[in-house]
Amino acid sequence: MGGENHCGNGPRSDYPIRAPKPVGQYISQIYKSRIGQFYARGQYANENLLSMMNDAVVYGEPHVQLWVWHAPGQTRPTFEEAVSHDFEKTKVGASFGPSWTTHWFRVKITVPDNVRDQELVEFHWDANNEGLIWSEDGEPLQGLTGGGERVEWVLPKPFLDGKEHTFYVEMACNGMFGIGQGDLIAAPDPNRYYTVERANIVAVNPDARGLHIDTWIIGDAAKEFPSDSPEQHHALDVYNRIIEAFEPGNKDSLKTCRKIAQEYLGPDVDSHKVYESDKKPLVFGIGHCHIDSCWLWPFDETKRKVARSWSNQCNLMERYPELNFACSQAQQYKWLKELYPYVFERVKQKVKDGQFHPIGGSWVEHDTNLPSGESLVRQFVYGQRFFEENFGKRCQTFWLPDTFGYSSQLPQLCRLAGMTRFLTQKLSWNNINKFPHTTFNWVALDGSQVICHMPPAETYTAEAHFGDVKRSMSQHKSLDQDPTSLLVFGKGDGGGGPTWQHLEKLRRARGISDTVGLLPRVHMGSSVDDFFHHLEAKGDKLVTWYGELYFELHRGTYTTQSNNKRNNRRAEDALRAVELLATIASIEGHCAYPKKEIDEMWESVLLCQFHDCLPGSSIEMCYHDSDEIYKKVFETAEKILGEATGLREATADAVTSNTGVAFTSLPWSRHEIVELADGELAVASGPGPFMKLRPFSLESEETLVTLEQPSPDVFVLQNTQLKVKLESGLITSLYDLKANREIIPKGQKANRYVIFDDKPLYWQAWDVEVFHLDSRKELSTSETKVHEQKKHRVSVITKTKISDKSYIETVISLSACSPNQQSFVEVSSKVEWHETMKFLKVEFPVDIRNTEASYETQFGIVRRPTHYNTSWDMAKFEVCSHRFADLSEHGYGVSVLNDCKYGFATSGNLMRLSLLRSSKAPDAHADMGTHHIRWGILPHQGGLSHVTVRKGYEFNNPLKIFEVESLGDVKSWLRTRRVWLDSESDEGLVLDTVKRGEDDEKTGEENVILRMYDSLGGLARGRVKSVWGIKRVTKVNLLEDEVEEVEVDGDGFGVELKAFEVATYKLELDH
Ligand SMILES: [Zn+2]
């Protein structure tokens, strides 16, 4: 038939004349819908690919025998302890609990003869909760997730000898994402039980498994490639031909199907060789496992998550040589080292082999809004030192994929800690504006830059789907500059990391790019540093972003878990004092520098700065833990201060001017009136660190402060600088007598409490949404009365009812002031807080006009709009602030100080300090109870200056009182300050930290480290002086590597810092 005719002289054609049969087009939506059927449970499960996945499944006795031992309470005993107990018989179908308990299973298996010679034999365990398989000898081997995910453990070859073998499963009664009651972020269900559903020996059919992944990816191509691309139609055709070729029960048909798949995937997808083609890749796959150090589970569970997750990665690396895995958080490595040395050694080997990459350079993946500048420094110091000590290498990339916004000095601190690169993607969660870049140079307040990359797949827990690879190009926003990107894949948040499925899918994605094209070519086998290395070559072409990477979500985290935040602030200040005094004491031979204890304190504080802990987004258990951690930090601080000084810390009312001395950790002179035992007033004055307490009456320069009550509900507090008028407990006038101006706008009231409905779209503890502002309600005060009427201070106390359960007692004070000090109104409040989804704030309308307000940030000041011109401006309706926020116009301004708060807003001329939230998830009791909060209203002539910066420090560091037998005992301490900036120095310079060299203990050297910064944003010059003999001074980086020799001139040396520069100096002492 056909081709029988030939007409004229044209070329002969064999093409049939008559159509032999009708041929139809694929009806796209029907053929696409069919795709899922090939591997679906349900009515076709016995006839589709699922029916052939396993060649044999063996369960029950005698092949699988189970015994169990229940760990008491919520304890998490070690392997040795667990296996020393008697185990009792149990079986599949039995249930274990309640929540947070641990159960150890002894498993004895005998692999039957018909399974022994199979290519791939696994043990499948699924109890819908997390577990860890241990060898009989106590080696942690493999983590288990449950719920069908990561349930398989490849049986070692020796297990296939037909004899009985023993291993253990440590069951944790929590899911990968905790135990939220009815919702991921709901408070944990305390009474969850888990059933062992599977304990099977499984002989896997490798062809069926391979075909499943083949069709998974080809099916995605058929669904996700554009319908106007031939590649999409090709995928649909291949997939349908595979379905037609499949015969249930016929193993040969699996091979035929896989052959058809090769038409689309190429021939190499069964090994890492698929990556060996020389075509240029654009997407660089990097395995990652985000483990929140605490979140919907406590720290102690994280320790086990680390062992589970990372042992799996080591196993996978053996099967998949292309796997490059990056993991951060030195703290987690340290836990592993201490608790799971076997896994740690495996990790170390994989680091050496170049597959496991410690990354990030920080102690934990910390929050960056709330920690102090020095805390950010120590995150790097402790992180980088751990990585260097244990793996011989520091990190080059700062890694914070999940943290809630990035403060403006991070690029500078990264550079000073040896890192030039930064990775995050969290800004893809912005719910107002889309961040416009994928790859760019991020520039700090001081002009320092790092290359920042935000993976365009917009996740750090990619499932390595076809779509993730595709989005790595389609959502790339910096294609003008560079089209490459990272694809960060692997189960995460609760741990896990890449699975074999991820790696198999990526091989096929690469196969598609090389065989049919269109999909951006993915590569495996290089590291994050390799990726950034190639970007650095074109660094000068990358666009720039100056200042903070403000996160347009999770603004509630500046306020939630108030007590925890307060502890953080107090601990940071305690550490400053401890390091200063321990440095002096150790240099002057009073005691050894307590390096180990200081390290422990810092590591504790740094751990609690983890990005779900300090921000307040963890479950209640985590805050019980952090309370204990901070308690220990404060106890250690007190102990070290006592040992370093030989003095005992006391409260002011326990000493007299003859038995007490005052201490300041701040590097400038202070002048304060202190009330001692029996109401004795004394003045502490001088540069510190210790000041004598002189009886107040000697102070001729002090002037009194007065309190008048012109009518029952009106009080007037006045000193030489300020006159404060209170009506019904609210400030209706704050008059600056020196500047001759009123600060409160006419008819308005300051220090007014307001309350808002606080029901964000979903993430309760995390978010406060823009619409909460619409629900503003003013709280009114009830009675106001005189609280204190003393020579040095007057105050009134007022009570504000919030609800039947909640109220505030507010003390508003004005103190006597000396002429060279700026006076301010001090407010201290006690809040009894028992609300639900309400947000408490306090407002200060001020008669100041500026389109920008200033907020203290780490080592500097950040300016943000006070208006809502654009959606970018409006997005900043709640922002982060440290010790002060300031609104100034030309020549005058007002600062609002605080002693433990971080949330603030300035809207027009209204300044608003955020006090307390009452979210109910994931901690159902967050912030309930009593709170003590202080703030201050500091008017000032001139713009924002060192006056505010210093007052912010002082407000947070009240003088500490130490008790002495007699003043003679502390003579040497009273002698003088030891190291300081001389009086000619620019006032914007802050000497923030004085400590010993990190390596002093090891090397026996005597080095003093000084960290200072320019706090106001302009060239700042100064001269450091010391009573200690200085042999040599070097400017060093944060890790204390020498960078530059500094000329010593007599008893000191000159310093010159550029705007917002952070500088560290190492002083080698002459002894
Ligand atoms: Zn996280």
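Whatever order the structure lists them in is the order used to number ligands and atoms, beginning at 1.
Applying the ring-ring contact (aromatic ring centres under 6.0 Å, His included) criterion to His357, with sequence neighbours excluded, gives no partner residue.
In this structure, Arg864 forms a cation-pi arrangement with Tyr855, its terminal cationic atom sitting closer than 6.0 Å to the ring centre and no more than 45° off the ring axis. In this structure, Lys876 satisfies the cation-pi test against Tyr550, with its NZ or CZ atom closer than 6.0 Å to the six-membered ring centre and inside 45 degrees of the ring normal. A cation-pi arrangement is absent between Arg346 and Tyr340, since the terminal nitrogen or guanidinium carbon is not both under 6.0 Å from the aromatic centre and inside a 45° cone about the axis. Under the 6.0 Å distance and 45° angle rule, Arg394 does not count as a cation-pi partner of Phe387.
Counting only protein atoms, the N, O or S atoms lying less than 2.8 Å from the Zn ion (ligand 1) are His290 NE2, Asp292 OD1, Asp402 OD2, His611 NE2, ordered by chain and residue number.
Of the charged side-chain nitrogens involved, none lies within less than 4.0 Å of a carboxylate oxygen, so that Glu628 and Lys632 do not count as a salt-bridged pair.
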